[in-house]
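First up is the structure itself, then whatever we jot down about it.
Counting starts at 1 for both ligands and their atoms, in listed order.
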Amino acid sequence: MMDPALELLCSALSEYPGQSLLVADEQLDSTLLLSLKTMENLSLLTNRYDVYQTALENNIRCTFNDMNIGELEQAFDLIAYRVSKEKAIVHHIINQAPRHLTAKGNLLICGYKNEGIKTYITKAEHYFGCKADVSKGERQLKLAEFSLHKLGDPLDDRNYDETVCIGEQRNLELFSKPGQFGWNKIDKGSELLIDAFAEHVQQTQPPGTVMDLGCGYGYLSVMAWALGSKQIVATDNNAAAVDSCQTNFDRHGINGEVIADDCAAGIHHQYDVVLCNPPFHKGFDTETDLTEKFIRSARHHLKNDGVAFVVVNQFIPVEAVAPAYFKCVEIVYRDKSFKVFKLSS
Ligand SMILES: C[S@@+](CC[C@H](N)C(=O)[O-])C[C@H]1O[C@@H](n2cnc3c(N)ncnc32)[C@H](O)[C@@H]1O
């Protein structure tokens, strides 16, 4: 789905001479991405693996990491950024900008009022020591340009780069960091999924191989390991998730691998069990197609006699989608917020 904020930003970007950097997350869809092909002096930094893959396929210079501009080892005349959903990422990117701009370089940020753009502009004005040049678009959209005058105090990015212990379950500590889904809490739905999986393990035995599809910081992997799973492959599209999940694998000596990928499209193995708490948001929009993409991938990565456990919010229609891929679609737990499905062939 086209994002008018990002479109406005890209159209402003195309008018700048010099070396420019577009910092983009999941808001950047492939149509807009392809329109950037003609900008020779453009580099792209993204924390989304699908965006990275599409950029490379189209010969657009692109780096995939957890929003670390320093890794590009270059100064830019312009850094352009459409604000993300999570405040810590926005602050982290604004904080880095002055270090990676040329002497006369500018930062350009864009977003809507309900995304907090007014506050971001005020904070960035203090940090850059300048008054922003602001232009307005439809539906209270704002595009603001900053040039560095006198560097002030950085914005609070919640120690963006630090991985911290956020709690403990089944005697194992959980490590996470900002920049990803519910980074500092244990998701209720994921906990319910693990309860259902634990019951399954009790009735059968711990599985040999598990895939954690859309792993986030790796809560499901750590719990599957605590429950005796022998080998786990965890995968996510988001660089922050992959980094913190890897920390959990290292800390607990989990036998397996953490792989950056778009819904495991590049992983061609089948597993005894697939665990998945799929996303239902992409950026600021809800995408129902995402559910089907994850259910299809769960089937594709499951052995014929394997079992998938999937948790979703009540309003996500897994029962309508799953029968196209699984013979047996069973709701093993439901309350007023969540449904946990056990899917098998
Ligand atoms: C609801 S969260 C669940 C995270 C984790 N499994 C848990 O239980 O705490 C969904 C996860 O899916 C990831 N995700 C979103 N789109 C993806 C894609 N195309 N491919 C792989 N993972 C994706 C998100 O980054 C996020 O970590």
Side-chain angles (χ1 to χ4, degrees), residues 25-30 46-54 64 66-67 84-86 89 166-167 169-170 172 174-197 210-226 232-249 254 258-267 273-298 300-301 308-316 318 337-341:
D25 57 16
E26 60 191 338
Q27 315 283 350
L28 184 55
D29 70 1
S30 47
T46 183
N47 59 355
R48 292 305 201 275
Y49 193 79
D50 55 349
V51 171
Y52 170 68
Q53 265 185 322
T54 311
F64 168 71
D66 185 11
M67 295 305 195
S84 304
K85 209 158 87 176
E86 208 193 310
I89 304 188
I166 57 156
Q169 262 194 17
R170 296 180 193 266
L172 292 182
L174 293 155
F175 294 88
S176 185
K177 70 170 295 299
Q180 63 191 303
F181 162 81
W183 74 273
N184 51 2
K185 64 175 175 36
I186 294 165
D187 181 67
K188 188 69 200 145
S190 300
E191 234 177 315
L192 295 169
L193 185 154
I194 287 300
D195 290 345
F197 173 62
V210 174
M211 168 174 271
D212 179 354
L213 183 60
C215 59
Y217 64 81
Y219 169 78
L220 301 176
S221 291
V222 175
M223 292 302 107
W225 185 245
I232 303 172
V233 166
T235 179
D236 205 286
N237 195 42
N238 177 332
V242 171
D243 288 357
S244 50
C245 189
Q246 187 63 58
T247 302
N248 280 298
F249 270 54
I254 296 177
V258 184
I259 301 171
D261 202 356
D262 176 13
C263 215
I267 302 176
V273 167
V274 173
L275 303 176
C276 182
N277 176 355
F280 60 87
H281 277 114
K282 192 168 181 194
F284 294 97
D285 299 315
T286 303
E287 300 239 331
T288 36
D289 287 0
L290 265 180
T291 308
E292 178 151 13
K293 183 173 168 176
F294 274 77
I295 297 289
R296 195 186 316 120
S297 176
H300 181 72
H301 292 97
F309 288 91
V310 176
V311 66
V312 287
N313 285 53
Q314 266 304 342
F315 60 88
I316 304 288
V318 167
S337 307
F338 298 102
K339 296 178 284 193
V340 180
F341 288 85

Value for CG (Leu28) from OG1 (Thr54), rounded to nearest 0.5 Å, stands at 8.5 Å

So the atoms of ligand 1 within less than 4.0 Å of a heavy atom of Gly216 turn out to be 4 (C), 5 (C), 27 (O)

Closest heavy-atom approach to atom 27 (O) of ligand 1 among Val312, Asp236, Asp262, Leu213 is made by Asp236

Practice task
Under the side chain to side chain donor-acceptor pair (under 3.5 Å) rule, what do Asn277 and Ser190 come out as? Steps first, then yes or no, please.
Solution key: CA-CA 6 Å; Asn277 176 355; Ser190 300; 2.8 Å; yes

Kindly confirm or rule out an N or O of Cys263 lying under 3.5 angstrom from an N or O of ligand 1. yes

When every non-hydrogen atom of Gly218 is compared with those of Cys245, the smallest separation belongs to CA-SG, 3.6 Å

For Leu220, the ligand 1 atoms with a heavy-atom partner under 4.0 Å come out as 6 (N), 8 (O)

Does ligand 1 have an atom under 4.0 Å from some heavy atom of Phe294? yes

Here the atoms of ligand 1 under 4.0 Å from any heavy atom belonging to Asp261 are 20 (N), 21 (C)

**Asked** Going through the distances and angles, do Asp66 and Lys177 end up as a salt bridge (charged side-chain N to carboxylate O under 4.0 Å, His left out)?
**Response** CA-CA 11 Å; Asp66 185 11; Lys177 70 170 295 299; 2.7 Å; yes

Checking heavy atoms under 4.0 Å, the part of Leu290 that sits near ligand 1 is neither

Taking only non-hydrogen atoms of Ser190 and a 4.0 Å limit, the atoms of ligand 1 in range are 7 (C), 8 (O), 9 (O)

One finds that the ligand 1 atoms under 4.0 Å from a non-hydrogen atom of Asn238 are 25 (O)

Task: Aromatic ring pairing Tyr217/Tyr219, orientation class (parallel under 30°, perpendicular over 60°, tilted between) - done: perpendicular

With heavy atoms and a 4.0 Å threshold, my read on which part of Trp183 contacts ligand 1 is neither

Check your understanding: Could Asp262 and Lys293 be called an ion pair, given the rule that one side-chain N must be under 4.0 Å from one carboxylate O?
Key -> yes

Minimal heavy-atom distance between Ala264 and Leu213, with the atoms involved, is CB-CD1, 3.7 Å

Within the 4.0 Å heavy-atom cut-off, what Cys215 brings close to ligand 1 is backbone

Quiz prompt | Heavy-atom gap Asp50 to ligand 1 smaller than 4.0 Å | solution = no

When every non-hydrogen atom of Asp25 is compared with those of Arg48, the smallest separation belongs to C-CG, 3.8 Å

